[in-house]
Enquirer: 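Next up is a structure, given as structure tokens.
The chains referred to below are lettered A, B, ... by the order of the sequence lines, with proteins before strands, and numbering in each begins at 1. These values consider heavy atoms only, across backbone and side chains, with no hydrogens, waters or symmetry-generated copies. Bear in mind that the values here come from a model prediction, so they are computed numbers and not experimental data.
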Protein chains: 2
Amino acid sequence: MLKFKNKNHNKIIDKTSFTPVYYQLVKILEKEILNGMMPGDALPTEHEISVHFGISRMTVRRAIAQLVQAGMVYAEKGRGTFVAKPQLDNLIFELDGFYAETQQKDMNPNSKLLEVRIVKADENIFKKSSIPIGTRCLYFRVVRKVGSEPLIYETKHIVYSKKKPLLEAELLNSTWSNLVANNGNPPVRSQKTLQVKLLNDHEAKALQVSPITPAFSVEQVFYDIDNNPLGWGISLYRGDRYKITSHAGWAGENYSKGVDFENEQ
Amino acid sequence: MLKFKNKNHNKIIDKTSFTPVYYQLVKILEKEILNGMMPGDALPTEHEISVHFGISRMTVRRAIAQLVQAGMVYAEKGRGTFVAKPQLDNLIFELDGFYAETQQKDMNPNSKLLEVRIVKADENIFKKSSIPIGTRCLYFRVVRKVGSEPLIYETKHIVYSKKKPLLEAELLNSTWSNLVANNGNPPVRSQKTLQVKLLNDHEAKALQVSPITPAFSVEQVFYDIDNNPLGWGISLYRGDRYKITSHAGWAGENYSKGVDFENEQ
DNA sequence: CAGTGGTCTAGACCACTAT
DNA sequence: TAGTGGTCTAGACCACTGA
């Protein structure tokens, strides 16, 4: 019997199952680690595991690789594989939902185009985005609402091409990267900066809040494959309405992560 | 000769090299994709690649798996493997540096303990952290500075155990998760919330800024393996000094990501 | 020295896609 | 039906660790 440090292991792998063997093993090892193993404890060797379950060592390695990827274990050449200490001090926030959350949920999301026009990039735009001075850009401002409540204020510049004129509906509904891709030269990378800012009078008015309301500022620059800037935008998210949650470590069943914008306090 | 859509491929794999074959192939494929392939284009089949380079299909699969992991390509059963469209609209910010950056850089980082005492968890603490009302907690407040400039204001509660008394130096210098681990019941997961807040008078005074300064608020709760809360803390980062940068898409050489706290604007 | 994880091979069978 | 990616095997050799 294979010993997982504290107790005999009696799980079995069903080779006829539709779920892959390596994945069954991942789940077995996860459970074994969660129930009674401590950081630093050694897992059985790959050879032991493969013999015990009657599977190939390559399959065992695939399962372990997945646990390494998840940060649950680490392997050391010539020594063994060990339970890792959960990494809890690094903070990773995913802001996918910043946009998506407002869109779903039959909350009547809607947007208002405040201004559109063609501008030539000036010193300021160049400094922020490295778009060369004089470049013709499509400039527009949008307020995004849920119901009658404004939540996001966006200011964007897109390097202009006559190829395809953009319709108002596109400006409001396309994703940022799709808009930037408009001229056929697709963006392949983007640089983002997250800051906190106090809204100025103008922004506060557009968002219908008092001018001293704090806000998340997300600034993005998109580049094509040759590192030419294609677009630059700043989105302001009302700080009184948005918070970002994140989770780290060995997730239990109740894993969650996302953005709320309907919060107390 | 293997055709990578646009041109003949003349790279070669050195099987005697110290760098693994699969990794050489990853780099070759990356270069091939960056130079002239577009999202949606098909890669050569795994079989074609293995024959062309004279390597096993399993090794080819390992290289491709790495590209899938990186989000550069995607595979479809029965169809083939294709170049992916870079995901640029989801925002992922890593705040590892929030702490680390201030520590390095011979910038004379230093911390000041404002208060320590034992408290019993009240209604408010319970609501924020789910630490049961009445639980004895170590409560302390710290200001972290670089040189003479205060940057971070922290308020923390740790579920108290008599096991190991904590020294002042530990409170100031240990990582948050190490402090929480003090009582021998290690934290295995944490929940975090990022918000923007206006500093109140008390916080602003501690950070030596005007009270209407906005700040990042990072709130963390640590749990043990049985989902018992072990600690709860709020860190306030001066919004005028911190910004968080992030990068997405097909990284060129000049990949960068992190936290700056010495910024213009 | 024996044991470990890291790499790699040359097959095999499968489910799926397209024709 | 032919071709694709997904899984799995039973070996092999290597570099590294520890006694």
Side-chain angles (χ1 to χ4, degrees), chain A residues 2-5 12-29 32-33 37 40-84, chain B residues 2-5 12-29 32-33 37 40-84:
Chain A
L2 184 61
K3 294 256 191 45
F4 274 91
K5 184 157 193 191
I12 272 190
I13 284 184
D14 175 9
K15 292 200 191 186
T16 73
S17 165
F18 286 97
T19 69
V21 172
Y22 80 90
Y23 190 73
Q24 294 182 49
L25 182 54
V26 166
K27 289 305 171 188
I28 289 173
L29 294 176
E32 213 62 36
I33 291 168
M37 296 191 75
D41 288 354
L43 268 67
T45 69
E46 297 174 351
H47 180 253
E48 284 173 332
I49 296 175
S50 74
V51 168
H52 175 257
F53 290 103
I55 61 181
S56 155
R57 194 184 144 217
M58 282 299 279
T59 305
V60 174
R61 282 187 61 72
R62 179 158 181 188
I64 290 180
Q66 196 143 323
L67 295 178
V68 170
Q69 173 69 28
M72 272 188 108
V73 307
Y74 60 94
E76 288 188 13
K77 245 189 300 200
R79 299 219 318 126
T81 306
F82 307 90
V83 177
Chain B
L2 184 61
K3 294 257 192 42
F4 274 92
K5 180 152 198 198
I12 272 188
I13 284 184
D14 175 9
K15 291 201 193 184
T16 73
S17 166
F18 285 96
T19 69
V21 172
Y22 79 90
Y23 191 72
Q24 295 181 48
L25 182 55
V26 167
K27 288 306 170 186
I28 289 173
L29 294 176
E32 214 63 37
I33 291 168
M37 296 190 74
D41 288 353
L43 268 65
T45 69
E46 297 174 351
H47 180 253
E48 283 174 332
I49 295 176
S50 73
V51 169
H52 174 257
F53 289 104
I55 61 181
S56 154
R57 193 184 143 217
M58 281 301 278
T59 306
V60 174
R61 282 187 59 75
R62 179 159 182 188
I64 290 179
Q66 196 143 325
L67 295 178
V68 170
Q69 172 70 30
M72 273 188 107
V73 307
Y74 60 93
E76 288 188 13
K77 244 190 300 202
R79 299 219 318 125
T81 307
F82 307 90
V83 177

Enquirer: Using the rule side chain to side chain contact (heavy atoms under 4.5 Å, CB included), only one of B:Val26, B:Ile33, B:Val83 pairs with B:Met72; which is it?
Expert: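 Passing option: B:Ile33.
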Enquirer: Considering only C:dC8, D:dT9, D:dT7, which nucleotide approaches the side chain of B:Thr59 most closely?
Expert: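 In terms of side-chain proximity for B:Thr59, the closest of C:dC8, D:dT9, D:dT7 is C:dC8.
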Enquirer: Are any of B:Arg79's side-chain N or O atoms less than 4.0 Å away from OP1 or OP2 of C:dC16?
Expert: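 False: B:Arg79 side-chain N/O out of range (4.0 Å or more) of C:dC16 OP1/OP2.
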Enquirer: Calculate the interatomic distance between A:Ile64 atom CD1 and C:dG5 atom P; express it in whole Å.
Expert: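 It works out to 7 Å between those atoms.
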Enquirer: Taking the nucleotide of DNA chain C with the nearest heavy atom to each, does A:Lys77 or B:Ser56 sit closer to the 5' end?
Expert: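 With A:Lys77 and B:Ser56 compared, the 5'-side residue is A:Lys77.
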Enquirer: Rounded to whole Å, how long is the line connecting atom CG of A:Leu25 with atom P of D:dC8?
Expert: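 Taking CG of A:Leu25 and P of D:dC8, I get 10 Å after rounding.
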Enquirer: Which listed nucleotide (C:dT7, C:dG5, D:dT7) is nearest to the side chain of A:Met58?
Expert: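 Within the option list, the nearest is C:dT7.
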Enquirer: Please give, in whole Å, the distance from D:dG18 C1' to A:Phe82 CZ?
Expert: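 Computing the A:Phe82:CZ to D:dG18:C1' distance gives 11 Å.
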Enquirer: If we only count heavy atoms from C-beta on, is the A:Thr59 to A:Phe53 side-chain gap below 4.5 Å?
Expert: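 Not touching, per the 4.5 Å side-chain cut-off.
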Enquirer: Distance check needed: D:dG3 C1' versus B:His47 NE2, whole Å only.
Expert: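 Interatomic distance, NE2 of B:His47 to C1' of D:dG3: 10 Å.
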Enquirer: Between B:Tyr22 and C:dC8, is there a side-chain N or O to OP1/OP2 distance below 4.0 Å?
Expert: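 The answer is no; no side-chain N or O of B:Tyr22 sits under 4.0 Å from OP1 or OP2.
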Enquirer: Toward the 5' end of DNA chain D, which comes first, B:Phe18 or B:Glu46, by nearest nucleotide?
Expert: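 With B:Phe18 and B:Glu46 compared, the 5'-side residue is B:Glu46.
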Enquirer: D:dA10 P sits how many Å from A:Arg57 CZ, rounded?
Expert: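 So the two atoms are 14 Å apart, to the nearest Å.
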Enquirer: Does OP1 or OP2 of D:dT7 have a side-chain N or O of A:Arg62 closer than 4.0 Å?
Expert: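 Affirmative; the distance criterion is met.
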Enquirer: Which nucleotide in the set C:dT7, D:dG5, D:dT7 lies at the smallest distance from any side-chain heavy atom of B:Ala75?
Expert: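 It is D:dG5.
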Enquirer: Rounding to a whole Å, what distance do you find between B:Glu76:CD and C:dC16:P?
Expert: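 In whole Å, C:dC16 P lies 14 Å from B:Glu76 CD.
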Enquirer: Are A:Met37 and A:Leu43 close enough that some pair of their side-chain heavy atoms sits under 4.5 Å apart?
Expert: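 Sidechains of A:Leu43 and A:Met37: in contact.
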Enquirer: Whether the side chain of A:Gln24 engages the backbone of A:Asp14 through a donor-acceptor N/O pair (distance < 3.5 Å, no angle test) should be reported.
Expert: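 Present.
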Enquirer: In terms of the nearest nucleotide of DNA chain C, which residue is placed more toward the 5' end: A:Gly80 or B:Pro20?
Expert: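 This one resolves to A:Gly80.
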Enquirer: When the distance from OH of A:Tyr74 to P of D:dC16 is rounded to whole Å, what number comes out?
Expert: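 The answer, rounded to whole Å, is 19 Å.
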Enquirer: Rounded off to whole Å, could you give me the OH-to-C1' distance for the A:Tyr23 and C:dC14 pair?
Expert: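 That distance rounds to 20 Å.
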Enquirer: Would a 4.5 Å heavy-atom cut-off, applied to side chains only, mark A:Leu25 and A:Arg62 as touching?
Expert: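 A side-chain contact under 4.5 Å is absent here.
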